[in-house]
Amino acid sequence: MKVQVSFKQNLKVFLLAFILGAVILFLCCINLFVFTKPWNYVQWIIIVAFFSLSLIIFIVSLKTNYYIINESDFEVHRFSKVIIYDYRNIIFIDEIEGQKGKTIPFMTNKDKNLQYLSFDKDGLLYKKMLSKCKNRLSREAFHAKYPGVKL
């Protein structure tokens, strides 16, 4: 089953990247924007190009970021990259963060770093992970086995 990543989560990440990109663009072209009086078409072309490119990137990210939920695993699609996670390999799911409905922090037995996934609109992936991941540890057992990993 194909599940789209939450629009709100994508919008938050996009707005953060947009503001950061706008600040960097302004700082790189500060002489062009501040010390040129009156503005000519060059400044407006830069602004329109930045907004247009940002909008295109946002639309493409909405279309290419999704999850495919299967019975034995799930696939994370981000642009052209595909990562497959088997439910049997997931050893920890942070239920405290997961219940907030923003991200799903989890860890597999193959990679000793926490992975973060954005929620889908209805939380189907989170519910499926809780029901299918039989090898997961409790929070206390996880801290005992991996004391160096911060949650």
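Numbers here simply count residues along the sequence, with the first being 1. Just so you know, these numbers use all the heavy atoms, side chains as well, and skip hydrogens, waters and symmetry mates.
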Co-members of Ile57 in a cluster of I, L, V, M, F, W and Y side chains, linked at under 4.5 Å: Leu53
Cluster companions of Phe74 among Ile, Leu, Val, Met, Phe, Trp, Tyr (side-chain spacing under 4.5 Å): Met1, Val3, Val5, Tyr67, Ile69, Val76, Ile83, Tyr85, Tyr87, Ile90, Ile93, Ile104, Phe106, Leu117, Phe119, Leu124, Leu125, Tyr126, Met129, Leu130
Interatomic distance, Leu11 atom CG to Phe18 atom CZ [nearest 0.5 angstrom]: 11.5 Å
Shared hydrophobic cluster, Trp44 / Val42 (ILVMFWY, side-chain heavy atoms < 4.5 Å): yes
Any Leu32 side-chain heavy atom under 4.5 Å of Ile46 side chain: yes
Approximate separation, where rounding is to 0.5 Å, of Asn10 CG and Ser118 OG: 7.0 Å
Sidechain-backbone polar pair: Gln9 side chain, Lys102 backbone, donor-acceptor under 3.5 Å: yes
OG1-CD distance between Thr108 and Gln115, expressed to the nearest 0.5 angstrom: 6.0 Å
CG on Asn65 to CG on Asp120, rounded to 0.5 Å: 13.0 Å
Inter- and intrachain pairs under salt bridge (charged side-chain N to carboxylate O under 4.0 Å, His left out), touching residues 49-71, at least two apart: Glu71-Lys128, Glu71-Lys132
Minimum-distance pair of heavy atoms, taken over all atoms of Ala22 and Phe50: N-CZ, 3.4 Å
Contacts of Phe26 that satisfy side-chain contact (heavy atoms from CB on, under 4.5 Å) - sequence neighbours left out: Ile30, Phe33, Val34
Spatial distance of atom CD (Glu95) from atom OG (Ser138) [nearest 0.5 Å]: 9.5 Å
Single-linkage hydrophobic cluster, 4.5 Å side-chain cutoff, Ile91 and Ile84 together: no
Shared hydrophobic cluster, Tyr66 / Val13 (ILVMFWY, side-chain heavy atoms < 4.5 Å): no
Carboxylate-amine/guanidinium proximity below 4.0 Å for Arg88 and Asp73: no
Nearest-0.5 Å distance that lies between atom CG in Asp94 and atom OG1 in Thr103: 8.0 Å
Cluster link Ile56 to Phe51, ILVMFWY, side chain under 4.5 Å: no
Co-membership, hydrophobic cluster, residues Trp39 and Ile45, 4.5 Å side-chain: yes
Results of salt bridge (Lys or Arg N to Asp or Glu O under 4.0 Å) for Lys110 - residues two or more places apart only: none
Neighbour count above 12 (heavy atom, 6.0 Å) for Phe79 CZ: yes
Nearest atoms (heavy-atom pairs only) where Lys127 meets Asp122: NZ-O, 3.5 Å
Residue pair Met107, Phe142: steps toward the side-chain contact (heavy atoms from CB on, under 4.5 Å) verdict: CA-CA 10 Å; Met107 191 168 113; Phe142 177 78; 3.6 Å; yes
Transitive ILVMFWY cluster of Leu20, excluding itself - 4.5 Å side-chain cut-off: Ile24
Close side-chain approach of Phe92 to Cys133, heavy-atom, < 4.5 Å: no
